[in-house]
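Only heavy atoms go into these numbers, but all of them, side chains included; no hydrogens, no water, no symmetry mates.
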Amino acid sequence: MPKGADMDGGLTKAGGFHVSRCCALALATVLALLLFGMVAATYYFAPCPCRSPPKAYPSTRTRSSVYVRLPSSVVPDAYDVSIIPFLWEGNFTFIGTVHIIVNVTIPTYNITLHSAELDVSDTNLSRIMSDIVSDTSEKPVSIKYANLDADREFYVVYSNERLEVGQYKLSIKFKGLMSDALKGIYQSSYSVGNTTRWLAATQFQPTDARRAFPCFDEPALKAKFTLRIGRTENMTAISNMPRNGLSVPIPDLPGFVMDSFAESVPMSTYLIAFVVSDFEHLSEGTFSVWARSDSLNQARYALEIGPRILRHFEGYFQISFPLPKVDMVALPDFGAGAMENWGLITYRESTMLYQQGVSENRHKEHVGTVIAHELAHQWFGNLVTPSWWSDLWLNEGFATYIESLGVDVVEPTWRTSDQFVVQDMQSVLKLDAYASSHPVSAPVAHPEEIDEIFDSISYGKGAALIRMMDHFLTTRIFKQGLTNYLKSRAYQCATQDDLWSALTVEGHKEGVLAKDVTIKEIMDTWTLQTGFPVVTVTRNYQDGSAVIMQQRFVHLNSSKGENQWWIPLSYTSQAEPDFESTKPHYWMKPKETLVEYLKAQPNHWVVFNIKQTGFYRVNYDQQNWELLTKQLMDPKKYIQIGEINRAQIVADSLHLARAGILNYSVALNITKYLNKEISYIPWAAAFSDIAYIDAMINKMPIYDKFKKYILSLIEKLYDETGFVDNASDPQLTVYKRVDVLRWACSLGHEDCVRNAVTQFQNWRSSPQPDRNNPISPNLKATVYCSAIREGGQAEWDFAWERYLKSNVGSEKSLLLTALACTRETWILSRYLHWAVTEGSGIRKQDASSVFVAVSDNVIGQPLAFAFLRDNWMRIRKYFGSPVFIISTIIKVTTGDMNTDFDLRMLKEFIADHIGEMGSATAVFDQSLERVQVNVNWMKHSYKQIEEWLSENV
């Protein structure tokens with residue numbers, strides 16, 4: 001129990017008797033439960049309350065003008081929280097009490113904490129008095145009044161007397177409605193036959209613990225927590241800590257019991273979690289996985305790899321996992337992919353469950369990386385937490401980088417660290433090239449601004465910058481610096497400067513960092529500035545020198561700005577190619593032009609940025625591009641250039657052309673070599689960047705030549721991989737086959753389409769299609785999409801029925817995407833309508849996937865944007881405020897727009913809804929810039945591609 005939590009250390013009565021501390025504890029517990037039960041019964045048997053407007057005057061101020069940080073005069077020390085959720089139709093409510101031991105650090109007349117969408121009552125305050133024998137007593141403090149400031153989501157308690165420095169106990173009763181927006185305490189359900197089963201779950205990050213109980217809801221305000229969760233006897237409650245003792249019946253609530261959980265270590269409010277359900281579990285020691293009983297078998301892979309990854313991270317960080325247990329729970333409804341709550345990690349079913357023989361290899365890897373990501377957070381984020389959300393990237397960037405190291409331990413043949421470069425890093429380089437991007441360490445205040453930075457910049461760019469540090473410091477020194485940082489800040493909060501300091505000390509000690517240089521000096525240029533550089537290497541082929549310059553890389557006709565960076569430069573050359581050593585040869589400082597003599601012959605190529613460990617693109621003079629192209633075109637010599645750097649050369653050249661820095665003829669000439677490439681990594685980079693050109697010209701008259709060219713590149717791979725999935729193939733071979741077949745079928749390759757349609761029809765003719773699916777898991781996405789695209793309503797209806805009946809999350813995700821491949825516009829329109837209709841069969845968490853898939857269909861994109869435009873208020877009301885869902889819908893429905901007419905429509909739409917976009921404001925600004933860039937690209941680059949195709953196809 002936290003100090004002062006409604007319990008006396010002992011009772012001594014004059015002339016009477018003495019009650020021991022243990023007896024007093026037991027008596028007080030019974031009394032508290034009786035009182036709680038009386039309140040609960042009153043609420044439980046009363047009609048379900050309607051949600052009423054916040055008890056505050058409406059505000060006309062914009063969010064940026066509202067200061068929402070808590071004062072520093074009062075900080076929490078310990079919480080004792082009791083909550084009873086009620087789970088049945090018509091009464092998804094909860095009631096609770098919270099006792100908070102607070103420390104007054106500066107004399108004050110009020111205590112300010114957070115509360116949102118709660119009906120708060122019965123607030124009491126007392127001062128905790130201590131005597132010389134350490135016994136405590138409480139002196140009541142008169143409350144003048146308490147007020148809810150809905151603008152700031154503050155609950156302010158004003159006292160009649162000045163609160164002096166010392167400890168106080170604040171006690172508050174509250175009640176609320178469970179969220180239907182997948183935040184705070186929310187209800188979820190699943191079906192068993194014709195019966196609906198309900199459960200309660202939590203999602204508090206970043207600022208939604210205040211929707212569950214009044215609290216100091218800022219990450220730096222760590223405290224210890226004791227939770228008590230009420231439930232019906234046929235259900236189970238789990239939380240961050242193990243259950244403490246037996247369940248206790250709740251008086252006046254028949255069939256209800258209260259579970260108490262052990263006091264936690266100091267932690268932030270956003271990491272508190274509980275789940276009340278009828279789930280079952282599997283365990284290995286103190287590590288458990290929970291799921292619906294009929295999907296529990298799909299959690300075995302999570303249980304197989306979870307403890308192994310946890311042990312690896314204990315060794316990596318040189319710090320033991322500090323909690324006594326880990327629970328991982330697969331939830332039917334969950335807005336994010338997963339959440340790292342300390343000791344109780346929550347997941348979407350599709351990110352934790354894997355079914356051998358049904359789920360594809362890609363899904364198995366996705367499950368592994370998400371589990372590793374959340375387990376990495378137990379140290380980076382939970383043990384040491386960013387002081388404020390501006391440094392969210394410290395959480396998410398590190399977890400995104402280190403997840404691949406965790407997966408490499410349990411599945412070394414997957415090469416997840418190499419995949420990071422072409423999947424995560426290349427993706428975020430595209431996004432960060434827009435002027436509307438933001439620094440990884442972004443100033444934020446209002447909760448809506450905080451929501452906006454949960455994006456690829458914080459995750460992907462953050463991870464890429466950490467990877468860059470790992471390489472220029474060396475892994476040994478980097479790891480030791482991390483360990484020192486975590487140990488020095490354990491159970492506390494930190495800023496990025498604390499990390500820079502720890503890494504600088506270790507770098508200086510080991511001599512890999514010059515004494516007059518600090519990590520802060522280097523990394524502030526990367527974390528506090530938007531964007532990244534393009535490094536231009538212009539060689540002098542007579543004297544062997546090279547002029548090296550930098551400028552910010554941006555998409556075509558975007559504003560460049562004056563940003564400059566500290567850049568680690570590594571390179572190799574043709575005579576002695578070394579694509580393993582990533583140690584910097586030079587450091588380029590901001591506003592500095594380097595003139596260096598390269599170890600390269602005049603007729604030899606050079607390649608900069610070995611393994612693309614630096615977060616930048618590289619441009620060369622025309623001759624060096626030609627030398628690289630010649631090398632790549634040689635069927636025996638192209639492999640002398642490292643695999644990751646072959647991918648880099650393809651990606652950099654295509655993006656330099658996209659930005660108007662390089663003529664497309666240079667980049668497209670390089671892609672010719674791909675008809676000999678057999679490795680997955682370069683193909684992954686190529687497919688990603690070719691997809692942009694495909695999206696821009698797929699309605700234009702040159703598209704037939706473009707299709708013919710791409711089919712000529714993949715013809716050899718198609719013949720080699722075939723339409724047969726070999727389960728014994730290495731992971732990257734499987735991915736290569738999947739990508740080649742997907743492109744071949746989408747471009748109308750006759751053999752590919754025929755195979756896909758035949759396999760789908762064989763499935764349709766099966767007497768038990770839900771039990772017997774003859775299609776190989778890795779080929780399902782291509783087969784489903786191709787057959788639905790080539791078919792009509794009958795094929796669509798068959799797939800929809802399979803979606804509704806499937807019990808495997810990965811299978812439902814594949815079908816949900818494939819259903820958008822149809823060419824029937826009325827079906828696509830109906831599908832979008834179902835995505836935002838309660839009870840349609842599409843869960844709210846999956847609705848954005850429908851918009852993504854429909855927008856990826858060439859005939860679906862204009863339908864999706866029209867639906868967004870015409871149903872904006874309906875969409876906003878349906879999703880509420882989870883910014884990631886609405887943001888995703890906005891991005892995908894506008895992403896491929898590329899005409900002046902499209903741009904005008906988007907501008908008109910934004911103008912019509914100024915002031916009501918809330919947390920979607922930033923993503924609309926970004927979408928507007930992207931459409932403008934696409935329009936510019938069509939005017940600048942289309943002609944170049946048309947000319948090249950005419951000459952080469």
To the nearest 0.5 Å, tell me how far [X] [atom1] sits from [Y] [atom2].
X	Y	atom1	atom2	result
T572	W605	OG1	CH2	6.0 Å
R415	E365	CZ	CD	11.5 Å
N609	I567	CG	CD1	9.5 Å
R467	I402	CZ	CD1	14.0 Å
Q648	F608	CD	CZ	11.0 Å
M468	L473	CE	CG	10.0 Å

Taking [X] first and then [Y], would you say they form a salt bridge - that is, a charged N and a carboxylate O separated by under 4.0 Å?
X	Y	result
K672	E677	no
R742	D739	yes
K479	D470	no
D652	R617	yes
E510	R476	yes
E360	K780	no
D418	K611	no

Heavy atoms from other residues, nucleotides or ligands near NZ of K589 exceed 12 (cutoff 6.0 Å):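 Not buried by this count: 12 neighbours or fewer within 6.0 Å.
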I639, CD1 atom: more than 12 neighbouring heavy atoms under 6.0 Å: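 At most 12 heavy atoms, drawn from other residues, nucleotides or ligands, come within 6.0 Å of this atom.
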Ignoring hydrogens and geometry beyond distance, is a side-chain donor-acceptor pair present between [X] and [Y] at under 3.5 Å?
X	Y	answer
N726	S728	yes
T416	D408	yes
D751	Y718	yes
D694	Y703	yes
E396	H373	yes
H655	D689	yes
Q356	Y354	yes
T613	H471	no
Q529	Q564	no

I'd like to check [X] versus [Y] (side-chain heavy atoms, cut-off strictly below 4.5 Å). Are they in contact?
X	Y	answer
L594	M588	yes
L569	W587	no
Q759	F723	yes
R646	L632	yes
F615	L429	yes
L482	F398	yes
S417	S404	yes
M549	E592	no

Candidate list L394, L465, D432, test side chain to side chain contact (heavy atoms under 4.5 Å, CB included), partner V440, passing option: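 Result for side chain to side chain contact (heavy atoms under 4.5 Å, CB included) with V440: L465.
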With Q631, the side chain to side chain contact (heavy atoms under 4.5 Å, CB included) member among I649, V607, I641: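 Filter result, single survivor: I641.
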Given W625, Y541, Y571, the one that forms ring-ring contact (aromatic ring centres under 6.0 Å, His included) with Y620: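 Of the listed options, the one satisfying the test is W625.
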Of F706, Y664, Y709, the residue whose pairing with W948 passes ring-ring contact (aromatic ring centres under 6.0 Å, His included):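 Going through F706, Y664, Y709 one by one, the ring-ring contact (aromatic ring centres under 6.0 Å, His included) with W948 is satisfied by Y709 alone.
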Residue pairs involving residues 676-697 (criterion ring pair (Phe, Tyr, Trp, His ring centres under 6.0 Å); sequence neighbours excluded):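 Only Y680-Y735, W683-F687, F687-W743, Y692-W937 qualify under ring pair (Phe, Tyr, Trp, His ring centres under 6.0 Å).
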Exam field: side chain [X] to backbone [Y], donor-acceptor pair closer than 3.5 Å:
X	Y	result
T582	I610	no
E596	S545	no
T483	F317	yes
T351	G337	yes

Taking all atoms of both residues into account, what is the closest heavy-atom pair of [X] and [Y], and its distance?
X	Y	answer
T782	C745	CG2-SG, 3.7 Å
A464	M425	CB-CG, 4.1 Å
N778	V738	O-CG2, 3.3 Å
W566	W526	O-NE1, 2.7 Å
D621	R539	OD2-N, 2.9 Å
S456	L431	CB-CD1, 3.4 Å

Candidate pair R737 and D729, rule salt bridge (Lys or Arg N to Asp or Glu O under 4.0 Å), full reasoning: CA-CA 10 Å; R737 177 183 296 113; D729 281 342; 2.7 Å; yes
Check: F532 ring centre within less than 6.0 Å of Y616 ring centre: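 No, ring centres 6.0 Å or more apart.
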Y401 and E403: CA distance, side-chain angles, deciding distance, side-chain hydrogen bond (donor to acceptor under 3.5 Å, both in side chains) verdict: CA-CA 6 Å; Y401 175 56; E403 72 185 30; over 6 Å; no
C821 and C785 SG atoms under 2.5 angstrom apart: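 The sulfur gammas are closer than 2.5 Å, so yes.
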Cation over ring face, K364 and Y301, 6.0 Å, 45°: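 Ring-cation test returns yes.
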Row check, Y434 ring normal vs R930 NZ/CZ: under 6.0 Å, within 45°: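 Ring-cation test returns yes.
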F313 and Y316 aromatic ring geometry - parallel, tilted or perpendicular at 30°/60° bounds: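 Rings of Y316 and F313: perpendicular, as their planes differ by over 60°.
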